[in-house]
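Protein chains get the first letters and strands the later ones, always in sequence-line order, with residue 1 at the start of each.
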Amino acid sequence: MDQAPPDIPRGETDRMIAEVEAFTPAEALARVREAESRDAERPGHREPMIVNLGPQHPSTHGVLRLITQLDGEIIRDIHPVIGYLHTGIEKQCENKTYWQAITLVTRMDYLAPFYNIHAYTQAAEKLLDLRVPPRAQYLRVIMSELNRISSHLVWLGTSGLELGAITIFFYSYREREKALDLFEMIAGERMNTRYFQVGGCADDMPPGFEKRLRALLDELPARIDEYEDLLSQNPIWLERTKGVGILPAEQLIDLGVTGPALRAAGVDLDLRKRTPYSSYEHFEFDVPLGTTGDAYDRYSVRMRELRESVKIIEQALDGLPEGPHIADDRKVVLPPRAELATSMESLIHHFKLVTEGFTVPEGEAYVAVESPRGELGCYLVSDGGPKPYRCHVRDPSFVNLQALRPMAKNAYLADLITMIGSLDNVMGGVDR
Amino acid sequence: MLESTVFVDEPVWLVIIKSAFVIFIVVTAFAYLLLAERKLIGRFQVRYGPNRAGPFGLLQPLADVVKLVFKEDFVPAGANRVLFVMAPVFTVVAAIGAIALIPYGDGTAELFGQEFNLVGADINVGILFLFALSGIGFYSLILAGWASGNKYSLLGSARTAAQLVSYEVAMGLSIIGVVMMAQTLSLVEVVNAQQDALWYIVFQPLGFLIFLVAGVAETNRAPFDLPEAESELVAGYHTEYAGLKFAMFFLAEYVNIIIISAFGATLFLGGFDGPFLPGFLWLAVKVSVLLFLFIWLRATLPRLRYDQLMAFGWKVLLPLATLNLIITAIVVALGFAN
């Protein structure tokens with residue numbers, strides 16, 4: 001099969017964008033039926049087989065449903081149907097005070113909880129015009145990058161599993177477990193932490209944390225070598241990933257694809273470099289780029305990002321500034337526990353913050369962070385009250401998923417699985 | 001021509017005892033191959049594997065079987081009832097039937113004063129018969145997928161058919177080398193020929209490699225496990241099977257692995273031939289080595305894609321097997337063999 005991407009003119013791209021919108025199940029089926037009845041009249045017509053992949057399917061990364069038209073092993077067309085994991089988190093945020101909503105937003109992209117809160121808290125901080133102390137910014141960078149490592153390890157394990165490489169799954173989860181242990185140590189929860197608060201971080205590093213983190217960082221490069229030993233030169237792995245799921249960089253940009261999927265196509269877009277936030281400008285790291293944008297490039301970009309993340313955490317630990325871990329603004333930030341027993345004023349602040357939350361000046365703010373999957377942005381609108389008027393999250397999984405349909409046309413069924421894996425969509429983020 | 005081994009006629013009761021014994025051994029071997037595989041893959045994957053049921057998890061196979069027996073046994077509404085029920089039966093019959101041809105000892109032994117052969121049946125077209133049985137086994141997989149009335153199953157069967165055609169040919173050609181050297185199609189004679197000379201892996205290393213690769217494909221094992229690629233086809237041809245019917249497919253798959261290993265050991269590694277130990281132990285050792293290889297492959301390699309599998313079969317294995325065949329033919333014709 002010819003995998004070379006067709007040279008798509010501008011107008012065609014626009015049309016494709018319009019077509020890749022997600023459907024409701026009824027709409028998708030109606031479209032399939034319509035296409036069928038149209039095709040059936042053509043002479044020499046071969047009836048495609050319609051296979052419903054998902055929402056319960058071993059490798060659709062959760063509950064993605066793909067209505068697939070198959071001609072033998074070749075995909076004629078797919079219709080993605082989403083919404084099976086709809087949680088209504090965005091809407092629920094409108095009924096929570098700003099600090100309560102943090103607990104909810106972590107649960108969107110459940111493999112990258114720190115990024116969800118990071119975008120959200122930064123948006124709230126922007127509205128409040130609140131400065132985050134440098135130590136808190138560094139702590140945020142450390143936890144974010146550790147989260148990038150854990151998220152990429154999940155991706156590596158599951159996408160390996162989908163291609164039949166079962167062992168890599170256990171290897172990568174072994175290291176992910178250590179990252180989760182560190183999350184638990186610093187935030188009390190292994191996933192869905194609410195470690196970042198508006199104004200900084202919930203607490204400083206607990207004693208012993210740095211030692212364990214450094215031990216993990218020392219171990220990781222050798223472990224990443226181990227993963228690469230298993231896969232990077234493996235002829236079957238190369239056969240399965242090289243040349244699979246290529247879209248031209250221009251079309252990827254038109255579709256709004258960001259993150260490793262875009263960088264694999266050679267587009268140097270990394271928000272940590274383009275619009276540095278949370279002191280990212282202090283760190284030296286490379287942005288790994290690919291050339292062709294196939295599944296192998298996405299794999300290799302993510303593997304190199306793992307190594308870069310290790311470097312960033314090491315720099316952040318070495319240069320960790322002294323100072324408070326959270327801003328000293330009593331109208332927004334909970335007072336330290338010890339003060340409650342001695343200061344009446346602190347007690348009042350504490351009571352006010354916990355019962356009705358803090359008010360945020362009227363306005364709107366959009367802040368984006370570079371999540372393991374791409375640009376994760378949070379758009380907050382405040383009407384001046386203690387609850388967000390609107391909280392919208394631009395989740396990279398949702399936007400990147402749009403690229404699946406143009407990619408999958410005329411590909412092999414087995415390659416569809418590779419593509420879903422290499423796009424690394426998290427359905428929690430898609431459905432929000 | 002080689003000297004022919006003495007074969008004794010056996011009374012019916014002895015044949016029944018012998019078959020029952022061999023089938024018992026192989027079915028037990030299946031159960032413990034399953035356990036061994038899970039244990040070994042566990043070790044490959046930095047975990048323990050099953051270790052709860054009984055000491056070292058030794059009762060795990062029993063627990064699995066009990067679970068499967070008590071599962072609901074249903075036939076989906078869209079299925080072709082007769083074929084759906086018959087397919088697992090065919091596959092088990094084909095798998096177990098093949099055991100009869102593997103010789104597990106030299107010459108004869110005695111039971112209750114009655115001599116018997118240390119092989120189920122020494123047919124003069126043994127190798128061809130084995131191929132025929134494996135063909136029937138594949139046929140039942142195709143039937144199962146088609147009769148299920150499930151699209152995933154159908155796709156799994158289509159892949160099975162393609163795989164069968166691609167790899168059966170290469171495997172057949174790789175074996176013809178051995179047949180030419182031994183000048184016989186009987187498995188007992190092949191072993192006897194190896195006892196007289198060297199094991200055929202020495203003369204036929206390429207043939208052995210092709211046989212192994214094709215054997216992995218024939219048994220639907222990773223990296224050629226496309227007919228049941230779980231990430232694409234859920235479970236392939238046995239998606240709709242549950243309970244005992246599923247257990248029969250499972251049994252057949254693993255018995256087939258044992259058969260292919262025993263077949264390979266017989267053709268290339270001298271079968272029951274070896275010093276000191278009794279013949280069946282040697283055969284068991286050789287089979288175990290090949291089985292370990294199967295498990296190792298599964299733990300290490302990703303799965304091929306359908307078209308890549310076909311390309312590999314037709315463009316790599318088949319030409320190599322043909323080349324091997326031509327060279328062997330020339331050598332044999334010049335009179336160097338044996």
Inset, instruction - Under 4.5 Å, heavy atom to heavy atom: which of residues 167-178 of chain A reach chain B? Give them by number, or say none. - result: A:T167, A:F170, A:Y171, A:R174
Inset, instruction - May I ask you to decide whether A:R223 forms a salt bridge with A:E228, counting only side-chain N to carboxylate O separations under 4.0 Å? - result: no
Inset, instruction - Inspect the contact between A:K242 and A:D294 and indicate whether a charged nitrogen and a carboxylate oxygen are less than 4.0 angstrom apart. - result: no
Inset, instruction - Identify which part of B:A299 has an atom lying under 4.5 Å from any heavy atom of chain A, answering side chain, backbone, both or neither. - result: both
Inset, instruction - With the side chain counted from C-beta on, respond yes when B:L291 and B:I257 share a heavy-atom pair under 4.5 Å apart, and no when they do not. - result: yes
Inset, instruction - Indicate yes or no: at least one non-hydrogen side-chain atom of B:W314 is less than 4.5 angstrom from one of B:P319. - result: no
Inset, instruction - Would you please name every residue forming a salt bridge (charged side-chain N to carboxylate O under 4.0 Å, His left out) with B:K39, sequence neighbours left out? - result: none
Inset, instruction - Just jot down the salt bridge (charged side-chain N to carboxylate O under 4.0 Å, His left out) partners of A:D218, sequence neighbours excluded, or say none. - result: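 By the salt bridge (charged side-chain N to carboxylate O under 4.0 Å, His left out) rule, A:D218 matches no residue at all.
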Inset, instruction - Kindly write out the residues that satisfy ring-ring contact (aromatic ring centres under 6.0 Å, His included) with B:F268, not counting sequence neighbours, or none if the list is empty. - result: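 ring-ring contact (aromatic ring centres under 6.0 Å, His included) check on B:F268 returns B:F208, B:F211.
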Legend entry - Proximity breakdown for A:L70 and chain B, heavy-atom pairs closer than 4.5 Å: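 For A:L70, the side chain is the part near chain B, not the backbone.
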